[in-house]
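Naming: A, B, ... by sequence-line order, numbering from 1 per chain.
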Amino acid sequence: MSSESRKAFPFSEFEPKWQAEWEAKNAFRTPNPGDANFDASKPKYFVLDMFPYPSGNGLHVGHPEGYTATDIIGRFKKMSGFNVLHPMGWDAFGLPAEQYAIKTGTHPRVTTEANIANFTKQLKSLGFAYDWSREVNTTDPGYFKWTQWIFLKLYNSYVGDDGKAHPVSELETQGLSRAEIDARRLAYVSEAPVNWCPELGTVLANEEVIDGKSEVGGHPVERRPMRQWMLRITAFAQRLIDELDGLDWPESIKLLQRNWIGRSEGAEVRFAIADLQSQISNPEITVFTTRPDTLFGATYMVLAPEHPLVEVLATEEQAAEIEAYRGKTARKSDLERTELAKDKSGVFTGAYAINPVNQERIPIWIADYVLMGYGTGAIMAVPAHDERDFEFAQKFGLPIMQVVQPPEGRDWQGYTDDGIAVNSGFLDGLTTPDAKKKITAWLEEKGLGKGTVNFKLRDWLFSRQRYWGEPFPIVWEDGHHRCLPEGELPLLPPDLEDFRPTGTPEPPLSKATDWVRYSATATRELNTMPQWAGSCWYYLRYCDPRNDQRFVGEAAEQYWMGGGKPGGVDLYVGGTEHAVLHLLYARFWHKVLFDLGFVSTPEPFQRLVNQGLILGEDGQKMSKSRGNVVNPDDVVREHGADALRLYEMFMGPLEQVKPWSMKGVEGVYRFLARVWRLVMEVDDEGVWSLSKALQDVPANKALTKALHETIKKCGEDIEKLSFNTAISQMMVCTNAFTGAEVKPAGAIATFLRVLSPFAPHLAEELNARIRDAFPHLAAAGFVSDEAWPVYDPAALIEDEVEIVFQVNGKLRDKARVPVAAGKEEIEAIALASARVQEFMEGKPAKKIIVVPGKLVNVVV
RNA sequence: GCCGAUGUGGUGAAACGGUAAACACAGCGGACUUAAAAUCCGCUGGCGGGCAACCGCCUUGUGGGUUCGAGUCCCACCAUCGGCACCA
């Protein structure tokens with residue numbers, strides 16, 4: 001017996017066949033504006049997947065989850081009369097690809113090519129309707145030429161007073177010096193403490209460090225000062241918050257981004273330093289506080305250990321202790337610093353400041369609970385109304401003074417919420433919000449401070465000490481950087497024999513001595529860009545992927561990214577893991593390009609949906625060590641691509657976390673086989689032929705109703721991305737047809753159109769089979785080119801509906817009544833019911849609620 | 001600690017404030033078969049009653065509330081998962 005005849009339907013024969021047909025006939029090629037076969041009368045729909053890293057492990061079952069969802073939407077929109085852009089590509093630069101290359105000892109280009117070939121084969125075996133002619137690859141010089149070009153735009157831009165990006169040439173016109181301009185560029189060099197990961201041999205962005213360890217590999221990360229390229233994302237912090245409002249994103253993701261950006265309103269307050277011993281140009285400490293209303297309760301100050309004023313302020317008696325403490329904190333890794341977060345530590349500097357509001361002398365301390373990177377790196381401590389200051393003051397015996405009166409029954413010590421100001425001079429009696437306003441106005445009037453806004457977001461550390469990334473189009477000469485002319489792009493990385501990290505902060509590109517020398521006096525920048533660079537704009541490249549004159553053609557960008565909404569991409573599907581990485585970075589780049597006039601919308605992605613993680617059969621996260629990983633190739637081999645697609649959509653709501661079940665795959669596989677047998681039958685030899693029950697007859701009333709309900713519900717459910725319920729409805733419909741003795745071929749052909757976005761191979765195959773016998777009933781070409789069927793509302797209406805009778809809200813009886821029956825009529829039928837009367841126990845009805853078509857509730 | 005999401009049968013899950021559990025999985029029974037697999041048909045939340053078709057009560061994490069009527073809305077609490085975490 002051949003393995004084929006054991007299959008419930010011959011998917012392994014027809015699935016590859018249709019994939020080849022689609023490819024041969026360019027079934028999913030999407031023309032651009034200006035192309036010969038472009039139909040400008042149709043609306044556009046841009047549906048985007050988060051493109052994968054082509055890792056050596058190949059596709060896992062999480063990939064097809066999102067990809068199937070977008071494929072169904074894309075196919076549905078195409079059938080509904082849209083020009084659909086549904087592309088795929090490769091995020092092939094970056095750590096995972098390079099780590100794999102290092103592990104296997106081959107050049108990253110070679111392993112990346114092989115992995116892409118494998119991913120392509122796997123994706124094609126699932127029948128996704130991608131326009132493969134638009135495939136992009138971030139490591140392709142034709143692509144990263146434009147990544148480098150965008151970097152030059154960042155390098156040559158600054159943010160003006162209007163909060164928008166402008167070319168730095170404007171600053172040149174204004175006569176600013178080179179140093180002044182360099183200090184304002186969106187891409188700039190900074191010597192600052194950064195996240196250095198010795199194991200990976202590179203620095204990492206804040207977003208890539210989790211609990212003091214690298215996101216990739218989980219290696220320890222330490223802080224050390226290094227000269228690095230930064231991108232001024234902080235200049236866009238407010239817009240990145242505000243412009244979330246116009247987007248159709250899950251509220252939880254918006255919140256995640258808002259929290260990451262971390263806006264807080266407050267005031268800067270300047271404290272004079274008492275008893276100055278040395279000459280300081282600016283003898284004061286500026287602090288940021290969100291609670292200026294508590295200024296009267298500031299009983300000491302704290303500077304971050306790294307604060308530049310510490311050296312100046314420390315008295316001789318305290319100097320040794322201060323130095324020891326600073327050394328200790330500097331050596332601590334981020335991980336240690338978090339672990340030790342519980343216990344407060346600090347040292348008195350010996351110096352005092354003057355509280356501007358009451359002229360009190362208050363001691364200045366240093367402590368590592370104050371971070372140099374946030375606000376001004378200095379705080380006024382109000383121990384009565386801040387948990388950290390309270391803890392610190394208790395430990396070191398510093399005074400605690402109440403300045404906020406909490407509501408009745410609450411202790412004022414450590415009370416951090418709003419209340420009424422007390423012991424605060426001219427603020428006494430005011431509520432916290434009023435007191436904030438008054439003190440801020442007072443500070444501004446006296447020139448002692450001002451209202452201000454602070455963000456947790458830091459600038460984006462943009463350089464990496466790795467080989468496998470885009471080289472910076474920058475050269476250095478006389479200690480200054482300058483950019484390459486656009487004509488020299490793409491700047492290819494050198495061909496290195498040994499591309500491993502050096503193990504020191506010296507990037508591996510330093511080994512390419514010829515490449516490094518740009519001219520007699522200039523050398524190239526040795527760092528490379530991070531993985532995120534290529535993924536910040538790939539969706540734009542898809543619009544016009546082979547353009548070698550521009551990063552994207554204007555007409556293509558305006559058509560595919562346009563549409564009158566803030567975001568250009570109509571639907572973006574991917575995992576939550578990019579909530580504050582890729583999705584924030586891409587929005588930032590897009591805004592810069594928007595300000596400079598290169599794109600037509602302020603936001604890249606209008607609607608975002610996060611697919612939920614698929615867990616292993618044991619309910620645990622899939623991992624090699626647990627041995628619960630499901631390989632999609634195995635599923636395709638055993639049950640077919642359509643079954644894999646359908647199962648992943650049937651598991652549950654797209655956005656939910658859900659466990660895999662092989663039994664569940666078999667369930668949808670059986671459903672597909674039932675659809676197959678509506679059209680086909682098998683003889684004793686195991687040979688399939690057209691079913692004799694399939695005839696050119698009109699569907700009866702019940703089957704017509706089932707079909708039209710399915711057309712309606714599936715159309716609505718696809719729009720809602722509620723694929724599991726759409727599939728349920730197709731099962732209901734199929735069960736109805738299975739029960740019929742004669743199968744109406746025309747109705748089944750229509751059903752196949754509804755099925756086709758979900759199970760495109762089976763739909764094409766059965767359509768072709770029906771077409772062989774009844775050419776006038778089936779689609780002449782591909783089902784995917786057909787129009788989505790229109791349901792007939794009249795077919796959904798029944799003569800009678802079942803009405804539920806309740807007494808005091810409890811179900812007691814039911815009856816079928818004509819749909820046309822009026823309220824009084826239904827009410828009379830209900831009251832006549834023996835069971836209703838029984839439960840009314842002879843009492844009169846106090847109230848009768850009649851919901852036509854639904855129920856009657858009698859209240860006694 | 002703060003923020004967010006989720007809690008419904010043995011399992012994955014459905015359910016405009018209106019018959020809780022659609023559709024599947026698993027289980028049970030039947031038809032077909034020498035037999036098995038496959039397929040087709042039926043049953044399948046819990047407790048109690050009846051020979052029976054059937055009948056009653058209970059049930060959406062817990063406790064309150066709004067409503068003629070609550071899985072759905074409101075308040076409080078509990079549990080699980082995810083994110084952030086000395087951000088002044």
Side-chain angles (χ1 to χ4, degrees), chain A residues 5-8 210-211 250-256 258-260 262-264 266 287-291 294 302 304 337-338 340-344 367-371 373-382 385-389 391-392 416 454-458 576-577 579-580 612-613 615 619 621 647 650-653 655-668 670-671 673-674 677 682 722 724-732 734-735 738-739 802-814 835 845-851 853-860:
Chain A
S5 60
R6 257 188 272 122
K7 296 195 163 115
I210 295 166
D211 292 334
E251 277 308 314
S252 55
I253 297 291
K254 289 188 184 181
L255 203 63
L256 233 43
R258 286 197 191 99
N259 290 344
W260 186 264
R263 180 185 203 273
S264 18
V287 302
F288 172 74
T289 176
T290 56
R291 292 297 299 272
T294 61
V302 186
R337 233 166 136 155
T338 341
L340 299 171
K342 297 275 179 297
D343 208 17
K344 292 278 177 293
D368 64 0
Y369 83 91
V370 173
L371 310 171
Y374 182 76
T376 61
I379 62 155
M380 64 178 215
V382 184
H385 307 295
D386 180 280
E387 279 176 39
R388 295 148 303 186
D389 298 345
E391 206 185 309
F392 192 83
T416 57
N454 243 293
F455 297 94
K456 278 195 243 180
L457 185 71
R458 315 290 165 82
T576 339
E577 66 271 22
V580 290
L613 199 65
L615 304 173
K621 206 167 172 172
Y647 172 64
F650 187 60
M651 291 172 84
E655 304 185 44
Q656 207 160 90
V657 180
K658 45 214 177 270
W660 186 268
S661 157
M662 222 55 221
K663 287 286 185 191
V665 180
E666 282 168 32
V668 294
R670 282 203 282 268
F671 159 67
R674 272 207 303 287
R677 284 194 307 272
V682 70
S722 181
N724 54 333
T725 52
I727 294 167
S728 297
Q729 181 59 38
M730 289 192 285
M731 288 172 168
V732 171
T734 302
N735 291 344
T738 298
E802 190 177 66
I803 301 280
V804 169
F805 301 151
Q806 298 180 333
V807 178
N808 291 333
K810 278 189 190 271
L811 173 70
R812 294 307 179 188
D813 204 2
K814 304 171 188 181
R835 296 219 359 112
K846 271 192 220 153
K847 194 170 181 181
I848 300 175
I849 286 102
V850 181
V851 183
K854 283 275 184 199
L855 59 73
V856 177
N857 188 11
V858 181
V859 185
V860 296

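Pairing for B:rC40 is with B:rG30, a Watson-Crick or G-U wobble pair whose two hydrogen-bonding atom distances lie under 3.5 Å. Taking a pair to require two hydrogen-bonding distances under 3.5 Å in either a Watson-Crick or a G-U wobble arrangement, B:rA85 remains unpaired. Pairing of B:rG48, defined by two Watson-Crick or G-U wobble distances under 3.5 Å, is identified with B:rC55. The pairing partner recorded for B:rA13 is none, the criterion being a Watson-Crick or G-U wobble arrangement whose two distances lie under 3.5 angstrom. Base pairing of B:rU67: no nucleotide in any strand meets the Watson-Crick or G-U wobble criterion (both distances under 3.5 Å). For B:rU80, the paired nucleotide is B:rA5, the pair qualifying as Watson-Crick or G-U wobble because both relevant distances are below 3.5 Å.
No side-chain donor-acceptor contact under 3.5 Å links A:Asp386 to the backbone of A:Ala381.
Protein atom CZ of A:Arg670 is 5 Å distant from nucleotide atom P of B:rC25, rounded to whole Å. If you take CG of A:Leu855 and P of B:rG18, they are 9 Å apart, rounded to a whole angstrom. Atoms CD1 (A:Ile803) and C1' (B:rG69) sit 16 Å apart, rounded to a whole Å. Here the P atom of nucleotide B:rG18 and the CD1 atom of A:Ile849 are 14 Å apart, to the nearest Å. When the P atom of B:rA88 is taken as reference, atom CG of A:Asn454 falls 8 Å away, rounded to whole Å. At whole-Å resolution of the value, NZ in A:Lys621 and C1' in B:rG82 are 10 Å apart. Distance, A:Gln656 CD to B:rU80 P: 19 Å, rounded to whole Å. What separates CD1 of A:Ile727 from P of B:rA14 is a distance of 12 Å, to the nearest Å.
The side chain of A:Lys663 contributes an N or O atom lying less than 4.0 Å from OP1 or OP2 of B:rA26. Using a 4.0 Å cut-off, some side-chain N or O of A:Ser264 falls inside it from OP1 or OP2 of B:rA88. For A:Lys810 and B:rC58, the shortest distance from a side-chain N or O to OP1 or OP2 is below 4.0 Å.
Taking the centre and axis of the six-membered ring of A:Tyr369, the NZ or CZ atom of A:Lys344 falls inside the cone set by 45° and 6.0 Å.
Shown here is A:Glu577, whose CD atom has more than 12 heavy atoms of other residues, nucleotides or ligands within 6.0 Å.
Note: A:Phe288 and A:Tyr374 have perpendicular aromatic rings, judged against thresholds of 30 and 60 degrees for the angle between ring planes.
Proximity note for A:Phe288 (side chain, C-beta onward) versus B:rA88, B:rC23, B:rC57: the nearest is B:rA88.
Base orientation for B:rG46: anti, the chi torsion being more than 90° from 0.
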> Would A:Asp389 and A:Ile379 satisfy side-chain contact (heavy atoms from CB on, under 4.5 Å), going step by step from the backbone distance to the final call?
Replying inline: CA-CA 10 Å; A:Asp389 298 345; A:Ile379 62 155; 3.6 Å; yes
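Nearer the 5' end of RNA chain B, as judged by each residue's closest nucleotide, is the contact made by A:Asn724, out of A:Asn724 and A:Lys854. Toward the 5′ end of RNA chain B lies the nearest nucleotide of A:Thr725, the other residue of the pair A:Thr725 and A:Lys456 mapping further downstream.
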